[in-house]
Amino acid sequence: MSNYETITVEKNGAVAILTINRPDKLNALNSKVHEEGVEALDELRHDDEVRVLVVTGAGEKSFIAGADISEFADRTPVTQRNTFQERTLFNVIDAFPKPVIAMVNGFCLGGGNELALACDLRVCSPNAKFSQPEINLGLMPGGGGTQRLTRLIGEGRSMEIMLTGDMIDAETAYKFGLVNHIYDTAELEPKTIELANKIAEKAPIALQLCKEAVKFASRSNLDEGLRREVDLFAICFSTEDKAEGVAAFLEKRKPVFKGK
Ligand code: COA
């Protein structure tokens with residue numbers, strides 16, 4: 001992979017780990033992180049060896065402490081609007097065809113929480129802290145938070161998080177359904193990789209279509225969603241992996257999926 005200034009990308013078998021690497025700024029998301037992150041994701045989406053992506057932040061103190069506030073100081077409304085309408089890391093993760101897991105260690109604030117929300121699953125360590133603190137800056141969430149958080153945990157809980165700017169701890173995030181699992185700090189990476197590998201063993205095209213169908217659920221009405229599911233399910237029948245999966249079941253053996 002290319003050499004980046006603000007991120008690192010590491011491949012571990014079928015799992016790639018993209019790390020936001022600005023620990024001295026608690027991994028705050030500046031324009032360079034968005035630019036380099038998007039470039040890395042464009043490369044990873046075409047890398048057939050990679051079946052699952054894990055996104056995390058460098059160090060144990062912070063996943064991502066939000067957008068880089070220093071970039072807000074001189075920004076005009078038009079520049080801000082154009083910036084967030086471009087291919088941001090939020091949008092590109094949301095549209096990434098392979099499963100993405102946010103591995104949250106420490107502060108997960110503002111744009112950091114919005115980035116985690118753009119991922120498919122979220123896991124965290126017990127010291128994780130989540131918030132949408134934009135309101136304290138005279139702002140509101142702008143990287144998808146008002147929409148994705150509300151769809152994930154409901155209007156009442158989401159409203160309180162955004163209107164107070166308060167942090168919630170890992171247990172509360174788990175109770176709200178914001179995170180799927182809390183792993184002990186020492187176990188966070190191995191357990192996340194274990195989860196990623198479990199998913200990576202499944203049929204890649206079926207994973208992609210399933211992800212598309214689930215994402216469609218919160219973007220459509222029930223009838224449209226059910227019709228889309230029927231179509232995507234039927235597309236699975238065109239794959240070699242469906243033939244392999246069915247044959248392996250009937251032959252009482254483990255399937256080997258090739259992504260074809
Ligand atoms: N943007 C830019 N820089 C940030 C940042 C952000 N969102 N969050 C932290 N940093 C920087 C700090 O300015 C500091 O840099 P410096 O050492 O050059 O002064 C460094 O990261 C360490 O942060 P610091 O505030 O000293 O750590 P702390 O442990 O005392 O506090 C936080 C941690 C997360 C509570 C605090 O950094 C904070 O409130 N950050 C902003 C969170 C936020 O509002 N995010 C949403 C933005 S829309």
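Any value given below was found using the heavy atoms of this structure, including those in side chains, with hydrogens, waters and symmetry copies removed. We're numbering straight along the sequence, starting at 1. Start at 1 and go down the list; that is how both ligands and their atoms are numbered. Owing to the predicted nature of the structure, the values given are computational and were not obtained by experimental measurement.
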- Item | Under-4.0 Å heavy-atom contact with ligand 1, by part of D24 that carries it | backbone
- Item | contact_flag Q132 ligand 1 heavy-atom lt 4.0 Å | no
- Query: Is the shortest distance from atom 13 (O) of ligand 1 to a protein heavy atom below 4.0 Å?
  - Reply: no
- Message: Out of G112, G145, G143, A65, who is nearest to atom 42 (C) of ligand 1 when you count heavy atoms only?
- Response: A65
- Message: Using the ring centroid of each side chain, check whether H181 and Y174 are separated by less than 6.0 Å.
- Response: no
- Where do R122 and V179 land on the side chain to side chain contact (heavy atoms under 4.5 Å, CB included) test, with the steps shown first? CA-CA 5 Å; R122 284 149 293 280; V179 295; 4.1 Å; yes
- Message: Tell me if the CG atom of D48 is crowded by more than 12 foreign heavy atoms within 6.0 Å.
- Response: no
- Could you tell me if any non-hydrogen atom of P133 lies under 4.0 Å from any atom of ligand 1? yes
- Message: Set out, in order, the CA-CA distance, both residues' side-chain angles and the distance that settles side chain to side chain contact (heavy atoms under 4.5 Å, CB included) for L53 and I101, then state yes or no.
- Response: CA-CA 6 Å; L53 174 66; I101 304 175; over 6 Å; no
- Message: Tell me whether atom 34 (C) of ligand 1 lies less than 4.0 Å from at least one protein heavy-atom position.
- Response: yes
- Query: Non-hydrogen atoms of L29 versus ligand 1: any pair closer than 4.0 Å?
  - Reply: no
- Task: Decide whether an N or O pair under 3.5 Å exists between K61 and ligand 1.
- Result: yes
- Taking all heavy atoms of T19 and all of G57, pick out the closest pair and write down the distance. CG2-C, 3.7 Å
- Could you find the nearest protein heavy atom to atom 36 (C) of ligand 1 and give me its residue, atom name and distance? L26 CD1, 4.7 Å
- Query: Can you find a protein heavy atom closer to atom 44 (O) of ligand 1 than 4.0 Å?
  - Reply: yes
- For ligand 1, indicate whether the residue I69 contacts it via side chain, backbone, both or neither (heavy-atom separation under 4.0 Å). both
- Task: Give the residue, atom name and distance (to 0.1 Å) of the protein heavy atom nearest atom 5 (C) of ligand 1.
- Result: A28 CB, 4.0 Å
- For L109, take its heavy atoms, then give the atoms of ligand 1 lying under 4.0 Å from any of them. 34 (C), 42 (C)
- Return yes when at least one protein heavy atom is under 4.0 Å from atom 28 (P) of ligand 1, and no when none is. yes
- Query: Are any of the side-chain nitrogens in D94 or R87 under 4.0 Å away from the carboxylate oxygens of its partner?
  - Reply: no
- Just wondering, more than 12 heavy atoms not from E171 lying within 6.0 Å of its CD? no
- Message: Is it the case that atom NZ in K191 sees more than 12 heavy atoms from other parts of the structure closer than 6.0 Å?
- Response: no
- Message: Counting non-hydrogen protein atoms only, what is the nearest one to atom 15 (O) of ligand 1? Give residue, atom name and distance.
- Response: K25 NZ, 3.4 Å
- Message: Is it the case that the ring center of F107 lies less than 6.0 angstrom away from the ring center of F130?
- Response: no
- Task: Just jot down the ligand 1 atoms closer than 4.0 angstrom to any heavy atom of D68, in number order.
- Result: 1 (N), 2 (C)
- Item | A67 N/O under 3.5 Å from ligand 1 N/O | yes
- Salt-bridge test for R51 and E201: reply yes if a basic N is under 4.0 Å from a carboxylate O, no otherwise. no
- Message: If the threshold is 4.0 Å, N to carboxylate O, is there a salt bridge linking E224 and R227?
- Response: no
- Can you find a protein heavy atom under 4.0 Å from atom 19 (O) of ligand 1? no
- Query: Within the structure, does at least one protein heavy atom fall under 4.0 Å of atom 47 (C) of ligand 1?
  - Reply: yes
- Query: Thinking salt bridges, do R253 and E244 make one under a 4.0 Å N-O criterion?
  - Reply: yes
- Got a protein heavy atom sitting under 4.0 Å from atom 8 (N) of ligand 1? yes
